[in-house]
Amino acid sequence: MRIRPLRSAPEIPLAPVEAPPADMTAMVVDAPGDADALHAASVPVPSPVLSEVLVRVVAAGVNPIDAKTRGGKGVSGAIAAYPSTLGYDFSGIVVKSPYEAHPLAPGTEVFGMTSFPRTGGSYAEYVVAPSLSVARKPASLSHVEAAGVPLAALTAWGLVVETAHAHEGQRVLIHAGSGGVGHFAVQFAAYFGAHVTVTASGRNAAWLRELGAAVVIDYTTTRFEEVVGEVDVVIDLVGNVHASTGTRSLEVLRPGGLYVLVPTGSWPGYAEAAAEAGVRTTSYKVIPDGGALATIGRLLESGSVQVYIEQVFDLAEAAAAHRAIETGHTRGKVVLRVSDG
């Protein structure tokens, strides 16, 4: 038997790395409050332990959960002490690796998620993160673009691929399709062959069709249950906080269909209501899986999936970024520019 020799991995250029300082600038909150509670502070640079990497942050994503947590909801109950640095998403350059032969060597450009609130978040010049929650940054993406990907795309991947098992011919309804999670969910569902119907404002209709939506319903003018036929899956990124979206969604599901609720606090009785309607249901929480993120990175690199960044703020403007997120009408993602890449 002839054995083919293994090919060596291609050489990937590494960015220059400097030793981190003792202290760094971070945007922190001293207690739950409004957006103006966010302020700059000098805090110690964190030290990685075990399998963690230390990353110099170039850009940090801003997500609705950040604003909810800052205001005293979200995951604020798990914050052990204040002041607290917020933020999950980051893109940057590895400064310290767990060991010399680690695949994410110092100088590697990466993107991923922090363990906030168990550790400090990404609204800072440096961050520690489990190496299993990090992947190489797609070369074709800037750090600002990459920082808009991890939490939103991993949430969408978990919803569409791992929970709904999107496939050819499946009929999927996605609420709030133009947001951070939504615009990835539309693309993943379409990529795997599903027939995608989306609710969004009319201004986003043409854009969502470009992303793969077959039908876009303007929720400001049309009640979706009056025009949508039976669907197999509803991915609900709204819940009952607006116009009983969750309750009305049960009306359009086929018997035994699947209703997936993301903002669980928006509808405490969703499971009972779904059982009464004869459909399956589950909530969903994002899993910071670096392997899945690497797969998403390859889809981004190939152009099969895109990330849309609507607004970019400097780190010191984190409060303005939170006010933008809290309007509930941003298209795609909002990102903080932390340092030069």
Side-chain angles (χ1 to χ4, degrees), residues 19-96 110-131 133-134 143-144 146-152 154 180 286 288 311-326 333-341:
D23 297 305
M24 65 178 181
T25 299
M27 296 301 294
V28 307
V29 289
D30 296 329
D34 61 19
D36 290 327
L38 279 162
H39 65 93
S42 179
V43 301
V45 170
S47 297
V49 296
L50 298 176
S51 64
E52 291 177 335
V53 291
L54 177 67
V55 176
R56 179 173 69 82
V57 179
V58 178
V62 179
N63 295 287
I65 186 66
D66 302 353
K68 292 176 183 176
T69 300
R70 184 218 68 232
K73 297 180 181 180
V75 297
S76 61
I79 295 176
Y82 287 94
S84 176
T85 305
L86 304 181
Y88 288 98
D89 291 339
F90 64 86
S91 182
I93 300 166
V94 175
V95 175
K96 290 184 179 179
V110 296
F111 67 148
M113 288 181 62
T114 71
S115 295
F116 176 81
R118 305 301 186 192
T119 62
S122 59
Y123 295 8
E125 293 177 315
Y126 291 85
V127 72
V128 292
S131 56
S133 300
V134 176
H143 282 290
V144 165
V149 173
L151 186 146
L154 284 170
V286 65
Q311 291 178 280
V312 181
F313 297 85
D314 289 334
L315 179 63
E317 301 173 306
H322 274 220
R323 283 191 285 270
I325 279 285
E326 288 177 309
K333 293 302 303 286
V334 172
V335 172
L336 299 176
R337 184 187 295 104
V338 178
S339 66
D340 294 331

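Position 1 is the first residue of the sequence; numbering continues from there. What you see is a predicted model; the values in this text were computed from it and never measured.
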Residues which pass side chain to side chain donor-acceptor pair (under 3.5 Å) with [X], listed by chain and number, not counting sequence neighbours:
X: Tyr88; value: none
X: Asp30; value: His39
X: Ser91; value: His143
X: Asp23; value: none

My understanding is that only residues two or more places apart in sequence, or in another chain, count here; which of them pass side-chain contact (heavy atoms from CB on, under 4.5 Å) with [X]?
X: Ser84; value: Val29, Ile79, Tyr82, Leu86, Phe116
X: Ala31; value: none
X: Glu125; value: Met24, Thr25, Val338
X: Ala80; value: none

Ignoring hydrogens, what is the shortest heavy-atom contact between [X] and [Y]? Give both atom names and the distance.
X: Val134; Y: Ala129; value: CG2-CB, 4.0 Å
X: Pro21; Y: Val45; value: O-CG2, 3.2 Å
X: Ala320; Y: Phe313; value: CB-CE2, 3.7 Å
X: Gly87; Y: Thr114; value: O-OG1, 3.0 Å
X: Val334; Y: Ala321; value: CG1-CB, 4.0 Å
X: Gly148; Y: Ala152; value: O-CB, 4.3 Å

If you define the side chain from C-beta out and look only at heavy atoms, does anything of Glu326 sit under 4.5 Å from Arg70? yes

Are the side chains of Pro130 and Ser115 in contact, using a 4.5 Å heavy-atom criterion? yes

List in chain and number order the residues that pass salt bridge (Lys or Arg N to Asp or Glu O under 4.0 Å) with Asp34, two or more places apart in sequence or in another chain; answer none if no residue qualifies. none

Once rounded to the nearest 0.5 Å, what's the spacing between atom [atom1] of [X] and atom [atom2] of [Y]?
X: Leu336; Y: Met27; atom1: CG; atom2: CE; answer: 8.5 Å
X: Ser131; Y: Leu50; atom1: OG; atom2: CG; answer: 10.0 Å
X: Ser47; Y: Lys96; atom1: OG; atom2: NZ; answer: 6.0 Å
X: Leu151; Y: Met113; atom1: CG; atom2: CE; answer: 4.0 Å

Walk me through whether His322 and Tyr123 qualify under ring-ring contact (aromatic ring centres under 6.0 Å, His included). CA-CA 12 Å; His322 274 220; Tyr123 295 8; 5.8 Å; yes

Which residues share a ring-ring contact (aromatic ring centres under 6.0 Å, His included) with Phe90, sequence neighbours left out: none

Does a side-chain N-to-carboxylate-O contact under 4.0 Å join Arg323 and Glu317? no

Tell me which donor-acceptor pairs under 3.5 Å the side chains of residues 54-63 have, and how far apart each pair is, sequence neighbours excluded?
| from | atom 1 | to | atom 2 | distance (Å) |
| --- | --- | --- | --- | --- |
| Arg56 | NH1 | Ser339 | OG | 3.1 |
| Arg56 | NH1 | Asp340 | O | 3.0 |
| Asn63 | OD1 | Lys333 | NZ | 3.2 |
| Asn63 | ND2 | Asp89 | OD2 | 3.0 |

Checking the side chain of Thr69 only, and the main-chain atoms of Val75 only, is there a donor and an acceptor separated by less than 3.5 Å? yes

Per the ring pair (Phe, Tyr, Trp, His ring centres under 6.0 Å) rule, what does the pair list look like for residues 42-73, sequence neighbours excluded? none

